[in-house]
Amino acid sequence: MRKNKFIAFEGIDGCGKSTQAQLLKEHLQSMGHQVYLTHEPTDSHIGSIIRNIFKGRIAGDHKTIAGLFVADRLDHLQNQTNGILKKIEEGYTVICDRYYLSSYAYQGAHVNLNWVIEANRLSAELLRPDLNIYIDIAPEISMQRLKKGRSDIEIFENLQNLQKVKAAYNKAMELVKNEEQIIHLNGNQTTDELANEVWNEVQNLF
Ligand code: TYD
């Protein structure tokens with residue numbers, strides 16, 4: 001079994017996963033691990049099409065977005081410059097801020113969930129997270145944090161959509177619970193408390 005791990009952070013917007021991903025990276029590095037922190041949607045051309053749709057600059061419906069995420073993820077895994085598979089091969093522990101569970105939740109809220117899971121099957125076969133860390137917050141808290149932290153709110157960032165996304169996360173996590181390692185953490189605690197809980201779970205992997 002490989003020693004370096006692949007860890008994905010999940011949760012609705014504003015749950016604190018980006019901060020926790022960064023803190024986990026620093027913690028692992030301080031212990032001598034090589035760590036590569038990355039995110040989806042990516043900064044590639046495909047990722048930028050997705051972001052432009054979310055910003056309302058170009059049109060794209062939910063099925064198209066679901067397809068773009070499948071493509072973005074496959075490129076994220078396989079590209080020869082800084083693809084995740086290459087990094088894993090090189091011995092890095094890879095931390096990904098969102099992976100296919102995000103598609104199950106965000107696209108599965110609008111498009112048939114089983115289709116979304118099937119469409120991402122290739123990515124799951126190429127690389128399944130050793131651990132998915134789901135940080136749970138209420139959609140109302142998510143909206144408050146989004147409004148505080150940002151000037152531009154994206155087109156799907158509204159309370160009603162976040163409620164649908166959270167419900168889809170729950171449904172999807174139940175559906176895939178036998179094939180995925182998922183832990184649920186409470187996002188309503190201080191950054192330090194949450195980081196301790198993340199660490200308690202992650203250290204079991206090594
Ligand atoms: P997010 O992690 O919130 O990045 P940022 O803080 O830079 O906005 O991700 C951006 C949005 O992308 C977020 O609202 C969730 C969405 N998303 C999907 O809809 N499907 C996916 O598969 C992924 C990875 C993200």
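What's counted below: heavy atoms across the whole structure, side chains too, no hydrogens, waters or symmetry copies. In listed order, ligands and their atoms are each counted from 1. Only a predicted model underlies this, so the values are computations on that prediction, with no experimental measurement involved.
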Element-labelled atoms of ligand 1 that are located less than 4.0 Å from some non-hydrogen atom of [X]:
| X | result |
| --- | --- |
| R51 | 7 (O) |
| P41 | 9 (O), 10 (C), 12 (O), 25 (C) |
| Q107 | 18 (C), 19 (O), 20 (N), 21 (C), 22 (O) |
| R150 | 8 (O) |
| E40 | 24 (C) |

Carboxylate-amine/guanidinium contact [X] [Y], below 4.0 Å:
| X | Y | answer |
| --- | --- | --- |
| D13 | R145 | no |
| E40 | K17 | no |
| K177 | E174 | yes |

Open item on the list: Give me the nearest non-hydrogen protein atom to atom 2 (O) of ligand 1 as residue plus atom name, then the distance to 0.1 Å.
Closed with: R98 NE, 2.8 Å
- [ ] Considering heavy atoms of the protein only, find what lies nearest to atom 14 (O) of ligand 1 and give residue, atom and distance to 0.1 Å.
- [x]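 Result: D13 OD2, 2.9 Å.
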Below the 3.5 angstrom mark, is there an N/O of [X], backbone or side chain, next to an N/O of ligand 1?
| X | value |
| --- | --- |
| S103 | yes |
| E154 | no |
| K17 | yes |
| Y106 | no |

Open item on the list: Please determine whether the number of non-hydrogen atoms from other residues, nucleotides or ligands lying under 6.0 Å from atom NZ of K25 exceeds 12.
Closed with: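 It does: K25 NZ has more than 12 such atoms within range.
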- [ ] Walk me through it: do T19 and L23 pass the test side-chain contact (heavy atoms from CB on, under 4.5 Å)?
- [x] CA-CA 6 Å; T19 306; L23 290 172; 4.1 Å; yes
Task: Polar side-chain atom of E157 near backbone of L162 as donor-acceptor pair, under 3.5 Å - done: no
Close approach of [X] to ligand 1, heavy atoms, under 4.0 angstrom:
| X | answer |
| --- | --- |
| F54 | yes |
| R73 | yes |
| K55 | no |

Open item on the list: Using ring centroids (six-membered ring only for Trp), state whether F156 and H62 fall under 6.0 Å.
Closed with: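 Here the rings of F156 and H62 have centres that are less than 6.0 Å from each other.
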Open item on the list: Looking only at the side chains, is there a donor atom on one of Y100 and E180 sitting less than 3.5 Å from an acceptor on the other?
Closed with: yes
Task: D61 and H110 side chains, donor-acceptor separation under 3.5 Å - done: no
TODO: Take Y99 and F6, measure what ring-ring contact (aromatic ring centres under 6.0 Å, His included) needs, and give me the verdict at the end.
DONE: CA-CA 11 Å; Y99 194 48; F6 179 47; 5.0 Å; yes
Task: Best match, Y99, Y100, F69: closest heavy atom to atom 18 (C) of ligand 1 - done: F69
